[in-house]
S.K.: 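Let me give you the structure first, and then I'll get to my questions.
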Amino acid sequence: AIIDMQSDINHEDLKHNIWTNKKEILNNKIDDDDNGYIDDIHGYDFANNDGDPMDDRSHGTHCAGIIAASHNNGVGVAGVMRDAQIVGVKFLNENGSGKISDAISAVKYATKIGVDIMNNSWGGGGYSQALADAIREANDAGIIFTVSAGNSSTNNDTLPQYPASYNMDNVISVAAHNYNDTMATFSCYGKKTVHVAAPGRNIYSTVPGNKYQVKSGTSMA
């Protein structure tokens with residue numbers, strides 16, 4: 001599950017790896033699978049409360065390509081997970097902002113449909129017990145919760161960033177390094193609270209409209 005602004009499900013490099021809810025009938029305005037969400041064919045949009053989690057900008061699509069762009073199709077890029085299925089779970093609007101309540105709903109939805117991993121390339125706001133409880137429910141269901149460490153160049157051990165700093169077994173907080181295998185200058189860090197670093201500077205990946213773009217950030221890591 002990519003919990004974000006979501007993904008361009010029609011992108012040439014992503015469309016073959018988009019999850020489809022086969023129990024739901026497209027656009028009939030009925031909750032066919034009785035899971036509480038109408039027309040959630042490829043995921044759900046909690047920012048607009050509908051079954052269309054299409055990307056308003058490019059952030060979610062860029063993350064999706066890094067994770068699961070198709071291999072050996074002669075175009076674009078190849079994701080790090082060749083066989084992954086992408087579930088779009090949107091809670092951020094076109095301005096990149098969102099409500100904690102919608103983030104909680106997004107995590108609960110992804111847990112309910114039984115994903116294996118949640119990718120969370122977002123952060124902001126203080127500690128939320130309700131969000132912590134939702135992440136703990138995902139942990140109890142055996143779901144990994146990966147999250148970007150943050151881009152403020154600060155130490156998360158002393159200045160916590162959420163959701164990266166929730167102390168749970170399933171939370172993997174990811175910093176960014178560059179092509180020299182040194183920490184990116186923008187990346188947050190923390191000996192106790194940041195668990196791993198991955199490439200996050202000048203990363204080429206998918207953006208809406210069958211296009212590609214270079215972006216940097218712990219989101220990309």
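All heavy atoms count here, side chains included; hydrogens, waters and symmetry mates do not.
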S.K.: Looking at residues at least two apart in the chain, or sitting in another chain, which of them share a salt bridge (Lys or Arg N to Asp or Glu O under 4.0 Å) with Glu94?
M.R.: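 So Glu94 forms no salt bridge (Lys or Arg N to Asp or Glu O under 4.0 Å) with any residue.
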
S.K.: Would Val77 and Ile2 show up in the same hydrophobic cluster when neighbours are defined by side-chain heavy atoms closer than 4.5 Å?
M.R.: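 No, Val77 and Ile2 fall in different hydrophobic clusters.
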
S.K.: Are Tyr162 and Leu92 joined in one hydrophobic group, where the rule is that I, L, V, M, F, W and Y side chains link up if heavy atoms are under 4.5 Å apart?
M.R.: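 Looking at the clustering, Leu92 is in the same group as Tyr162.
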
S.K.: For Leu159, enumerate each residue passing the side-chain contact (heavy atoms from CB on, under 4.5 Å) test, keeping only those at least two apart in sequence or located in another chain.
M.R.: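 Leu159: side-chain contact (heavy atoms from CB on, under 4.5 Å) contacts with Thr154.
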
S.K.: Rounded at 0.5 Å granularity, tell me how far CD1 in Ile66 sits from CG in Asn119.
M.R.: 8.5 Å

S.K.: So, using side chain to side chain donor-acceptor pair (under 3.5 Å) as the criterion, who are the partners of Asn27 when residues are at least two apart?
M.R.: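 Side chain to side chain donor-acceptor pair (under 3.5 Å) list for Asn27, sorted by chain: empty.
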
S.K.: Do Asp39 side-chain atoms and Lys29 backbone N/O form a donor-acceptor pair below 3.5 Å?
M.R.: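 Yes; judged by distance alone, with no hydrogens or angles, the pair exists.
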
S.K.: Give me the atom names and distance for the closest heavy-atom approach of Asp4 to Cys63.
M.R.: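 Shortest heavy-atom contact: OD2-SG, 4.1 Å.
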
S.K.: Keeping to residues at least two apart or across chains, list the ring-ring contact (aromatic ring centres under 6.0 Å, His included) pairs with something in residues 168-187.
M.R.: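 As it turns out, there is no ring-ring contact (aromatic ring centres under 6.0 Å, His included) pair with a partner in residues 168-187 once direct neighbours are skipped.
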
S.K.: Locate the shortest heavy-atom distance separating Ala68 from Ala84; write the atom from each residue and the value.
M.R.: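 It is CB-CB, 3.9 Å.
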
S.K.: Working to the nearest 0.5 Å, report the span between CD of Glu24 and CG of Asn35.
M.R.: 6.5 Å

S.K.: Verify, without hydrogens or angle tests, whether Asn156 (side chain) and Ser165 (backbone) share a donor-acceptor contact under 3.5 angstrom.
M.R.: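 Not confirmed, Asn156 side chain does not pair with Ser165 backbone.
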
S.K.: So how far is it from Ser105 OG to Leu131 CG, rounded to the nearest 0.5 Å?
M.R.: 10.5 Å

S.K.: Taking only residues at least two apart or on different chains, which pairs with a member in residues 44-54 satisfy side-chain hydrogen bond (donor to acceptor under 3.5 Å, both in side chains)?
M.R.: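 Qualifying pairs, neighbours excluded: Tyr44-Asn49, Asp45-Asn48.
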
S.K.: Output yes when a side-chain donor or acceptor of Ser121 lies under 3.5 Å from a complementary backbone atom of Ser148, and no otherwise.
M.R.: no

S.K.: Taking all atoms of both residues into account, what is the closest heavy-atom pair of Gly124 and Ile100, and its distance?
M.R.: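 Smallest heavy-atom distance, with atoms named: O-CD1, 4.4 Å.
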
S.K.: Hey, mind stepping through Ser152 and Gln161 against side-chain contact (heavy atoms from CB on, under 4.5 Å) and telling me if it holds?
M.R.: CA-CA 10 Å; Ser152 58; Gln161 302 257 357; 2.8 Å; yes

S.K.: By side chain to side chain donor-acceptor pair (under 3.5 Å), which residues pair with Asn93, not counting sequence neighbours?
M.R.: Ser97

S.K.: Where is the tightest heavy-atom contact between Ala176 and Gly200, given as atom of each residue plus distance?
M.R.: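 Residues Ala176 and Gly200, closest heavy atoms: CB-CA, 3.9 Å.
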
S.K.: Check for a donor-acceptor pair, side chain of Thr61 on one end and backbone N or O of Thr206 on the other, with a separation under 3.5 Å.
M.R.: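 Side chain of Thr61 to backbone of Thr206: no pair is present.
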
S.K.: Is it true that Ile144 and Val80 fall in one hydrophobic cluster, defined by side-chain heavy atoms closer than 4.5 Å?
M.R.: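 Yes, Ile144 connects to Val80 through the hydrophobic network.
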
S.K.: Using 0.5 Å steps for rounding, measure from the CG atom of Asp8 to the CD1 atom of Ile18.
M.R.: 8.0 Å

S.K.: Between the main-chain N or O of Gly36 and the side-chain N or O of Asp31, is there a donor-acceptor pair closer than 3.5 Å?
M.R.: yes

S.K.: Is it the case that atom CG in Asn167 sees more than 12 heavy atoms from other parts of the structure closer than 6.0 Å?
M.R.: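 Atom CG in Asn167 is not packed in, count stays at 12 or less.
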
S.K.: For Ile30, what are the other residues in its hydrophobic cluster, where any two members join if their side-chain heavy atoms are less than 4.5 angstrom apart?
M.R.: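 Via sub-4.5 Å side-chain contacts, Ile30 links to none.
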
S.K.: Determine, stepwise, if the pair Val115 / Trp19 fulfils side-chain contact (heavy atoms from CB on, under 4.5 Å).
M.R.: CA-CA 10 Å; Val115 303; Trp19 172 78; over 6 Å; no

S.K.: If every non-hydrogen atom of Trp122 is compared with every non-hydrogen atom of Ala103, which pair is closest and at what distance?
M.R.: CH2-CB, 3.8 Å

S.K.: Hey, could you give me each pair passing side-chain hydrogen bond (donor to acceptor under 3.5 Å, both in side chains) that has a residue in residues 187-197? Not counting sequence neighbours.
M.R.: Asp157-Thr193

S.K.: Name all residues meeting the salt bridge (Lys or Arg N to Asp or Glu O under 4.0 Å) criterion together with Arg136; count only those two or more places apart in sequence or in a different chain, and write none if there are none.
M.R.: Asp133

S.K.: Does His62 reach the main-chain N or O of Ile203 with its side chain, forming a donor-acceptor pair under 3.5 Å?
M.R.: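 Yes: the side chain of His62 pairs with the backbone of Ile203.
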
S.K.: Take Asn17 and Arg82 through the test side-chain contact (heavy atoms from CB on, under 4.5 Å) and record every step on the way to the result.
M.R.: CA-CA 9 Å; Asn17 286 340; Arg82 182 180 62 185; over 6 Å; no

S.K.: State yes or no: do Tyr204 and Val207 share one hydrophobic cluster built from I, L, V, M, F, W and Y residues joined by side-chain heavy-atom distances below 4.5 Å, directly or via other members?
M.R.: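 No.
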
S.K.: Enumerate the residue pairs fulfilling salt bridge (Lys or Arg N to Asp or Glu O under 4.0 Å) with a member in residues 103-118, sequence neighbours excluded, ordered by first and then second residue.
M.R.: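 Every pair satisfying salt bridge (Lys or Arg N to Asp or Glu O under 4.0 Å) with a residue in residues 103-118: Lys108-Glu137.
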
S.K.: With a 4.5 Å cut-off on side-chain heavy atoms, are Ser219 and His59 touching?
M.R.: yes

S.K.: Quick one: does any side-chain atom of Thr218 pair with a main-chain N or O of Ala175 as donor and acceptor, under 3.5 Å?
M.R.: no

S.K.: State whether the side chain of Asn151 and the backbone N or O of Gly217 hold a donor-acceptor pair below 3.5 Å, judged by distance alone.
M.R.: no

S.K.: Side chains of Tyr109 and Asp40: any donor to acceptor distance under 3.5 Å?
M.R.: yes

S.K.: With Lys215, which residues qualify under side chain to side chain donor-acceptor pair (under 3.5 Å), at least two apart?
M.R.: Ser58, Gln213

S.K.: Please round to the nearest 0.5 Å and tell me the distance separating atom CG of Asp102 and atom CD1 of Ile3.
M.R.: 12.0 Å

S.K.: Identify, with sequence neighbours excluded, every residue that meets side chain to side chain donor-acceptor pair (under 3.5 Å) alongside Tyr212.
M.R.: Glu12, Asp13

S.K.: If you count every heavy atom of other residues, nucleotides or ligands that lies below 6.0 Å from Met183 atom CE, does the total exceed 12?
M.R.: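 Check passes, neighbour count above 12.
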
S.K.: Hey, what do you get for CD1 (Ile117) to CD1 (Ile172), rounding to the nearest 0.5 Å?
M.R.: 8.0 Å

S.K.: Looking at Thr111 and Met118, what are the two nearest heavy atoms and their distance?
M.R.: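 The answer is OG1-CE, 3.1 Å.
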
S.K.: Using the rule given for side-chain contact (heavy atoms from CB on, under 4.5 Å), can you reason through Thr20 versus His42, listing the C-alpha separation, both sets of side-chain angles and the distance that settles it, and then say yes or no?
M.R.: CA-CA 5 Å; Thr20 297; His42 302 297; 3.2 Å; yes

S.K.: Among the clusters formed by ILVMFWY side chains lying less than 4.5 Å apart, do Tyr166 and Ile143 turn up in the same one?
M.R.: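 Result: yes, single cluster for both.
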
